[in-house]
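Notes to accompany the following structure.
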Amino acid sequence: MSLVELIVRADERGLAASGLACLDRCVPLLGGTDTEADDVLRPLWGALTDEGGDWGGPLERARTALAAAAPAAPGDEAALLARRMLDEAPPGRTSAAAVREWADACSVASLRIHRLLDRPEDGAPDPAGPRDLDAVRRAPGPAGARLQGLSPLVAAELRRQITVLELLAGPGPGGLRGARDVATEGRRVLRAALSRRARVRG
């Protein structure tokens with residue numbers, strides 16, 4: 001099943017967690033340490049464990065906390081995309097359509113961020129080659145064929161997004177814990193990519 005199909009079939013809770021997982025992986029672009037990011041995003045993850053959990057309050061607090069982080073450098077498209085994920089999160093979880101739109105936008109933004117970080121030098125060739133991200137997200141079939149021709153960071157991010165949605169489609173609370181674990185692992189990968197970009201740019 002393609003990534004787009006998984007998003008279409010996901011329920012509201014799965015969509016919110018999918019979008020949050022993308023944001024969680026990309027939050028190093030907004031500044032702060034992993035401990036600070038955990039403190040900011042933990043209440044949002046907690047809101048998803050309870051059917052009626054407060055989403056709007058933790059979201060506003062996360063926006064306030066991360067707004068105090070170092071601003072993105074002019075022209076830093078990756079950081080701007082991460083900021084947009086946070087800014088455009090729906091204030092509540094009452095509208096499944098709004099949550100689906102946000103989760104889909106986060107999916108695209110996160111893949112774009114990872115593609116940008118796979119070419120740390122400005123003006124470097126796109127390592128993803130000619131494959132369009134929308135086509136990648138819609139590609140069905142076995143994982144190996146789906147990832148063929150993608151750059152390492154993009155392939156890994158696509159795999160993580162699919163894994164998160166598959167985990168959340170299962171019964172019980174274990175899927176949410178697994179999704180958060182995947183997000184945490186992806187955040188470490190992205191932070192390493194940011195360090196590599198900083199070294200290349202000097």
Side-chain angles (χ1 to χ4, degrees), residues 3 6-70 72 78-79 81-111 113-114 156-192 194:
L3 175 57
L6 287 168
I7 291 173
V8 168
R9 295 188 181 199
D11 62 15
E12 178 272 333
R13 176 174 168 271
L15 292 166
S18 174
L20 179 57
C22 289
L23 173 61
D24 196 322
R25 289 191 291 277
C26 297
V27 81
L29 285 157
L30 303 180
T33 66
D34 280 341
T35 299
E36 291 167 336
D38 283 337
D39 290 343
V40 168
L41 297 179
R42 186 181 297 113
L44 283 168
W45 283 107
L48 298 178
T49 63
D50 182 2
E51 185 66 29
D54 178 22
W55 170 269
L59 177 61
E60 282 307 310
R61 289 191 288 274
R63 285 173 174 158
T64 300
L66 292 172
L81 287 166
R83 174 67 60 185
R84 194 176 302 156
M85 277 193 236
L86 179 61
D87 290 345
E88 296 183 356
R93 293 167 48 203
T94 55
S95 169
V99 177
R100 190 179 308 280
E101 182 179 355
W102 177 64
D104 193 63
C106 287
S107 168
V108 174
S110 188
L111 287 168
I113 285 168
H114 284 77
E157 173 58 12
L158 179 65
R159 189 183 303 112
R160 280 189 289 268
Q161 290 191 22
I162 291 170
T163 298
V164 163
L165 285 162
E166 289 176 340
L167 285 168
L168 292 165
L176 195 61
R177 289 194 297 269
R180 190 172 182 188
D181 288 343
V182 171
T184 300
E185 185 269 337
R187 194 198 305 162
R188 287 196 293 266
V189 171
L190 188 134
R191 196 173 287 281
L194 287 176

Are any of the side-chain nitrogens in Glu60 or Arg63 under 4.0 Å away from the carboxylate oxygens of its partner? yes
Nearest non-hydrogen partners of Leu167 and Ala179, listed with the distance: CD1-N, 3.8 Å
Could you check Asp38 against Thr35 for side chain to side chain contact (heavy atoms under 4.5 Å, CB included), going step by step and ending with a plain yes or no? CA-CA 5 Å; Asp38 283 337; Thr35 299; 5.6 Å; no
Give me the atom names and distance for the closest heavy-atom approach of Leu29 to Ala78. CD1-O, 3.6 Å
Side chains of Val189 and Arg160: does their closest heavy-atom pair fall under 4.5 Å? yes
Gap between atom CG of Leu20 and atom CG of Leu15 - 0.5 Å precision: 12.5 Å
Trp102 side chain to Leu86 backbone, donor-acceptor under 3.5 Å: no
Got a second to check how far Leu23's CG is from Glu88's CD, nearest 0.5 Å? 12.0 Å
Between Ser107 and Ala103, is there a donor-acceptor pair closer than 3.5 Å when you use the side chain of the first and the backbone of the second? no
Could you give the distance from CG (Leu3) to CD (Glu166), rounded to the nearest 0.5 Å? 10.0 Å
Partners of Cys22 by side chain to side chain contact (heavy atoms under 4.5 Å, CB included), sequence neighbours excluded? Arg25, Met85, Cys106, Ser110, Glu157, Gln161
Closest approach of Cys26 and Ile113, non-hydrogen atoms and distance? SG-CD1, 3.8 Å
Using the test side chain to side chain contact (heavy atoms under 4.5 Å, CB included), find all partners of Asp34 that sit at least two apart in sequence or belong to another chain. Arg187, Arg191
Nearest heavy-atom pair of Ala79 and Leu30: which atoms, and what distance? O-CD2, 4.0 Å
Where do Glu36 and Thr33 come nearest, in terms of heavy atoms and distance? OE1-N, 2.7 Å
The reported gap from CG in Leu190 to NE2 in His114 (rounded to nearest 0.5 angstrom) is 4.5 Å
Output yes when a side-chain donor or acceptor of Arg180 lies under 3.5 Å from a complementary backbone atom of Trp45, and no otherwise. no
Minimum-distance pair of heavy atoms, taken over all atoms of Gly14 and Leu168: O-CD1, 3.5 Å
List the residues meeting side chain to side chain contact (heavy atoms under 4.5 Å, CB included) with Val108, not counting sequence neighbours, and say none if there are none. Arg112, Arg137
